[in-house]
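What follows is a short report on a single structure.
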Amino acid sequence: MRAAIAAALDDAQARGALPRLPGAEIAVERPQKPEHGDYASSVALRLAGTVKRRPLDVAQAIADSLPTGALIAAVEVAPPGFINLRLAPDWKRAQVEAILAAPDSWGAIDLGAGQRVQVEFVSANPTGPLQVGNGRGAVLGDVLAGVLEAAGYEVEREYYVNDAGAQVRIFGETLEARYAQHFGRAAEVPAGGYQGRYMLELAEAIAADRGEEFLSLDEPARDALGAEGLRRMLDQIRGDLALLGVEFDVWFSEASLLAPRDALDGRSAYETAMTYLRDGGHVVEKEGAVWFASSARDDKDNVIVRSSGEPTYFATDIAYHFDKFALRGFDRVIDVWGADHQGHVARTKAATAAVTAAAREDGDADDRPPGDGLEMLLYQLVHLRRGDERVRMSKRTGELVTLRELVEEVGRDVTRYFMLQRSADAQMDFDLELATSQDPKQNPVSYVQYAHARCASILRNGAKEGLQPGGDVQALTGPTELALIDAMLRLPELVEMMATKLEPHHLTGYALELAQDFTQFYGACRVVNGEEPDLSRARLKLTRAAQIALARTLGLMGVSAPDEM
RNA sequence: GCGCUCGUAGCUCAGUUGGACAGAGCGCUGCCCUGCGGAGGCAGAGGUCGUGGGUUCGAGUCCCGCCGAGCGCGCCA
């Protein structure tokens with residue numbers, strides 16, 4: 001559509017209707033009011049100033065050069081200078097066949113052109129069960145990844161496992177204490193340790209399976225106990241996420257960044273990245289520590305190696321992003337972070353840009369733009385509520401409502417839909433009382449699923465009457481039929497918009513509109529009707545197409561699309 | 001103090017990258033359907049888009065100030 005207008009603009013200039021001027025951005029949008037056509041462009045309004053002509057005249061000049069035909073049925077110029085395009089109803093109806101031909105891929109586009117993009121999300125410390133807030137990141141990341149796949153990207157879902165550093169050490173010490181206590185030994189959970197019940201349960205589970213195997217608590221036994229605890233905690237996290245329908249392609253170990261690699265001449269990714277930073281002049285030493293000198297204006301220097309010689313989390317994070325871009329060659333990387341990590345965005349981008357640029361000069365990385373491929377999607381916190389009572393979430397207090405509890409109470413579909421409903425920028429309250437309410441009216445997801453089930457039911461009824469989808473889609477001339485087709489045709493554009501803006505939450509609103517358009521069609525048009533078999537078969541086609549569009553929309557959200565409810 | 005995000009209908013929130021009279025769901029009022037699944041459909045009431053300026057042909061959307069809410073500013077992760 002944009003191309004058509006651009007061509008018309010060129011044509012208008014070529015034949016002298018408009019003066020020559022440098023290429024302007026062609027803005028095309030879908031008007032809110034149906035009277036304004038299917039698409040509208042405001043190019044004329046933008047151009048009018050520079051060409052010193054009345055906007056209406058400019059619009060008319062462009063409109064005169066827009067050919068009408070099988071696709072575009074009408075071009076209208078409207079004050080103050082809009083160009084409104086109306087698609088041919090015949091063409092729209094014919095698109096129903098395109099939907100029927102793509103039951104598993106309707107809405108897919110090739111925006112990404114096969115570029116490799118990694119979405120890293122959740123990545124919660126494996127020192128406790130996942131919290132409700134992690135669920136929001138899980139849903140956002142998973143749905144975004146699916147949207148990017150639909151947009152033509154090759155996507156990998158990755159969980160970064162923080163299995164090195166202070167938190168893991170404290171986790172091990174807490175586990176040692178609980179394990180020792182289980183066998184009646186005097187032991188104290190260390191200061192800053194994990195007080196939650198789950199640590200008791202973890203210690204008991206290990207004791208039940210492995211007995212006193214680790215009770216000596218000498219160095220090897222402590223390491224083995226810690227590793228065992230971490231392994232079990234990760235299994236639990238994996239299970240919590242599976243309950244939500246989230247699965248990862250890669251579980252990436254932070255500790256592996258510190259291990260020597262043959263491909264790096266026996267050095268670790270961490271050492272290699274630090275060398276590049278040093279050689280690139282991005283590092284200063286002061287107060288006995290090593291600092292990354294950030295080039296970002298809104299950032300200050302940050303410690304990467306403590307005076308003790310131990311790397312900070314930031315240091316391994318730099319190595320991690322070095323690994324993503326320089327070693328694994330992703331074109332784009334999207335980190336989905338909670339808003340409490342907001343302060344890390346600037347420094348991580350700056351450091352990633354610095355280290356990949358240095359690696360590229362050294363021939364260790366491709367010549368892709370440094371750091372430009374790194375994007376952060378921040379989501380605001382989830383506040384948990386039970387009616388009027390605020391539930392505080394903290395791994396340290398032990399007063400937890402875990403993600404697992406939430407999903408078990410509310411169900412996967414409702415959890416995913418609720419988490420997805422709001423834009424990532426906005427805080428959200430998750431009211432357990434409301435979400436666990438048995439009143440289906442509280443859950444818009446039911447309305448959408450019901451529409452899908454109704455499609456299936458109608459198709460079943462048609463089959464019983466000996467009527468199958470078929471016939472000529474040009475028989476679908478009613479206003480509700482066309483409105484439904486319009487709604488289905490918007491899905492590919494929606495995918496493009498969501499992939500471009502990294503805003504998967506638009507799916508929920510679209511799903512509701514699509515379901516409404518189908519329900520209105522259902523109310524206005526009798527589908528299964530033996531007295532008008534041709535029309536009936538055409539409407540069965542439309543019903544099947546609607547089922548596909550609904551299933552694809554629900555599928556992108558990771559919400560089930562039942563044939564019966 | 002500095003930075004990030006948010007402030008839109010009684011409630012919960014959208015608002016497609018600055019467009020044509022501000023939208024949805026729930027709640028409220030009234031009406032419709034003795035039809036393939038009523039977990040419906042239609043209509044109505046309800047909004048100075050926190051506030052004051054600015055940019056623009058045009059601002060809920062961009063810029064600045066102020067007010068309010070959340071989060072972040074560690075040799076923690």
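Within every chain, numbering begins at 1; the chains are lettered A, B, ... in the order of the sequence lines, protein sequences first and strands thereafter. Since the model is a prediction, treat every value here as computed from it, not as a measurement.
- The pair A:Lys349-A:Glu375 does not count as a salt bridge, with every side-chain nitrogen at least 4.0 angstrom from each carboxylate oxygen.
- Contact check on A:Asp301 versus A:Lys286 returns a salt bridge, with a Lys/Arg side-chain nitrogen under 4.0 Å from an Asp/Glu carboxylate oxygen.
- Among the atoms of the strands shown, base atoms are found under 4.0 Å from some heavy atom of A:Cys525.
- Contact annotation: A:Ser457 does not reach the phosphate of B:C36 (side-chain N/O to OP1 or OP2, under 4.0 Å).
- Ranking B:A39, B:G70, B:G19 by closeness to the A:Gln380 side chain, first place goes to B:G70.
- Between A:His505 and B:G15, a side-chain N or O to OP1/OP2 separation shorter than 4.0 Å is present.
- In this structure A:Tyr320 satisfies the side chain to side chain donor-acceptor pair (under 3.5 Å) test together with A:Glu158, sequence neighbours excluded.
- Within the nucleic acid shown, A:Asp163 has no heavy atom closer than 4.0 Å to any nucleic acid atom.
- Rounded to whole Å, the C1' atom of B:G41 lies 49 Å from the corresponding atom of B:G65.
- If you check distances only, the side chain of A:Tyr450 does reach the base of B:G37 with a donor-acceptor pair under 3.5 Å.
- The salt bridge (charged side-chain N to carboxylate O under 4.0 Å, His left out) pairs that include a residue from residues 524-536 of chain A are A:Asp534-A:Arg537, where partners are two or more places apart or lie in different chains.
- You cannot call A:His341 stacked on the base of B:G72; the centres under 5.5 Å and planes under 30° rule is not satisfied.
- For the pair A:Phe430 CZ and B:C13 P, the interatomic distance rounds to 12 Å; values are reported in whole Å.
- Nucleic acid contact for A:Met498: none, since no nucleic acid atom lies under 4.0 Å from a heavy atom of the residue.
- The distance from atom CD of A:Gln421 to atom C1' of B:A24 is 10 Å, rounded to the nearest whole Å.
- A:Arg526 has no side-chain polar atom (N or O) that falls below the 4.0 Å cut-off from OP1 or OP2 of B:G35.
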*For A:Gln449 and A:Met565, run side-chain contact (heavy atoms from CB on, under 4.5 Å): C-alpha distance rounded to whole Å, both residues' side-chain angles, the deciding distance at 0.1 Å, then the answer.*
CA-CA 8 Å; A:Gln449 289 176 314; A:Met565 291 178 73; 3.9 Å; yes
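- Residue pairs satisfying the salt bridge (charged side-chain N to carboxylate O under 4.0 Å, His left out) criterion with at least one member in residues 512-523 of chain A, sequence neighbours excluded, are listed as follows: A:Arg490-A:Glu513.
- If you find the closest nucleotide of RNA chain B to A:Ala453 and to A:Ala164, the one lying nearer the 5' end belongs to A:Ala453.
- Atom-to-atom, CE of A:Met565 to P of B:G37 comes out at 15 Å; the value is rounded to the nearest Å.
- The shortest distance between the side-chain N/O atoms of A:Asn529 and the OP1/OP2 oxygens of B:C36 is not below 4.0 Å.
- Distance check on atom C1': B:U17 versus B:G25 gives 25 Å, rounded to whole Å.
- Nearest heavy-atom pair, A:Glu287 versus A:Ser307, reported as atom, atom and distance to 0.1 Å: O-CB, 4.5 Å.
- Within the structure, a side-chain polar atom (N or O) of A:Arg306 is placed less than 4.0 Å from OP1 or OP2 of B:C76.
- Closest contact between the side chain of A:Ala426 and the listed nucleotides B:C36, B:U17, B:A14 involves B:A14.
- Checking B:G72, B:G37, B:A24 against every side-chain atom of A:Leu512, the shortest atom distance belongs to B:A24.
- Rounded to whole Å, the separation between the P atoms of B:C6 and B:G50 comes to 12 Å.
- In this structure, A:Met497 places its CE atom 19 Å from P of B:U61, rounding to the nearest Å.
- Aromatic ring centroids of A:Tyr159 and A:Phe252 lie 6.0 Å or more apart.
- The interatomic distance linking A:Gln427 (CD) with B:C4 (C1') rounds to 12 Å, in whole Å.
- Between the side chains of A:Asn529 and A:Ser536, no donor-acceptor pair is found at a separation under 3.5 Å.
- Look at the P atom in both B:C26 and B:A39: the space between them is 14 Å, to the nearest Å.
- Look at the P atom in both B:G47 and B:C42: the space between them is 23 Å, to the nearest Å.
- Comparing the C1' positions of B:G52 and B:C57 gives a spacing of 24 Å, expressed to the nearest Å.
- The distance from the CG atom of A:Asn461 to the OG1 atom of A:Thr543 is 11.0 Å, given to the nearest 0.5 Å.
- Among the nucleotides B:A39, B:C75, B:C36, the one closest to the side chain of A:Ser307 is B:C75.
- In the set B:U5, B:G37, B:A14, the nucleotide with an atom closest to the side chain of A:Asp425 is B:U5.
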Anything under 3.5 Å between a protein N or O and an N or O of nucleotides 41-45 of chain B, put it in a table, one pair a line.
unit_1	atom_1	unit_2	atom_2	d
B:G41	OP1	A:Tyr447	OH	2.9
B:C42	OP1	A:Gln520	NE2	3.0

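- Residue A:Lys501 places its side chain closer to B:U17 than to any other of B:U17, B:A24, B:C75.
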Atom pairs, N/O to N/O, protein against nucleotides 55-59 of chain B, distance under 3.5 Å?
none

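- Checked by atom type and distance alone, the side chain of A:Asn134 never pairs as donor or acceptor with a backbone atom of A:Val122 at under 3.5 Å.
- Rounded to whole Å, the P atom of B:A22 lies 40 Å from the corresponding atom of B:G35.
- Applying the 3.5 Å distance criterion, the base of B:C75 shares no donor-acceptor pair with the side chain of A:Thr312.
- Note on A:Ala289: a base of the nucleic acid sits closer than 4.0 angstrom, heavy atoms only.
- Looking at every heavy atom in both residues, A:His321 comes nearest to A:Thr352 through CB-OG1, 3.4 Å.
- Within 4.0 Å (heavy atoms only), A:Thr500 reaches at least one base atom of the nucleic acid.
- Geometric assessment of A:Arg454 against the ring of A:Phe518 yields a negative cation-pi assignment under the 6.0 Å and 45° thresholds.
- Nucleic acid contact for A:Ala40: base, since at least one base atom lies under 4.0 Å from a heavy atom of the residue.
- Remark: A:Arg30 is positioned above the aromatic ring of A:Tyr39, its terminal NZ or CZ atom under 6.0 angstrom from the ring centre and at most 45 degrees off the axis.
- Nearest nucleotide to the A:Phe82 side chain, out of B:C36, B:A20, B:A39: B:A20.
- Residue A:His506 places at least one side-chain N or O under 4.0 Å from the OP1 or OP2 atom of B:G15.
- To the nearest angstrom, P of B:A14 lies 10 Å from CE of A:Met428.
- A salt bridge links A:Lys324 with A:Asp335: at least one charged nitrogen is closer than 4.0 Å to a carboxylate oxygen.
- Taking all atoms of both residues into account, the shortest heavy-atom contact from A:Asp163 to A:Ala255 is OD1-N, 2.7 Å.
- Here B:A20 presents its P atom at 16 Å from CG of A:Leu56, a figure rounded to the nearest Å.
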*How does RNA chain B look in dot-bracket form if you count Watson-Crick and G-U pairs under 3.5 Å, write [ ] for pairs that cross, and put | where a base pairs with another strand?*
(((((((..((((.....[...)))).((((((....).))))).....(((((..]....))))))))))))....
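- If you take atom C1' in B:U29 and the same atom in B:A9, they sit 16 Å apart, rounded to whole Å.
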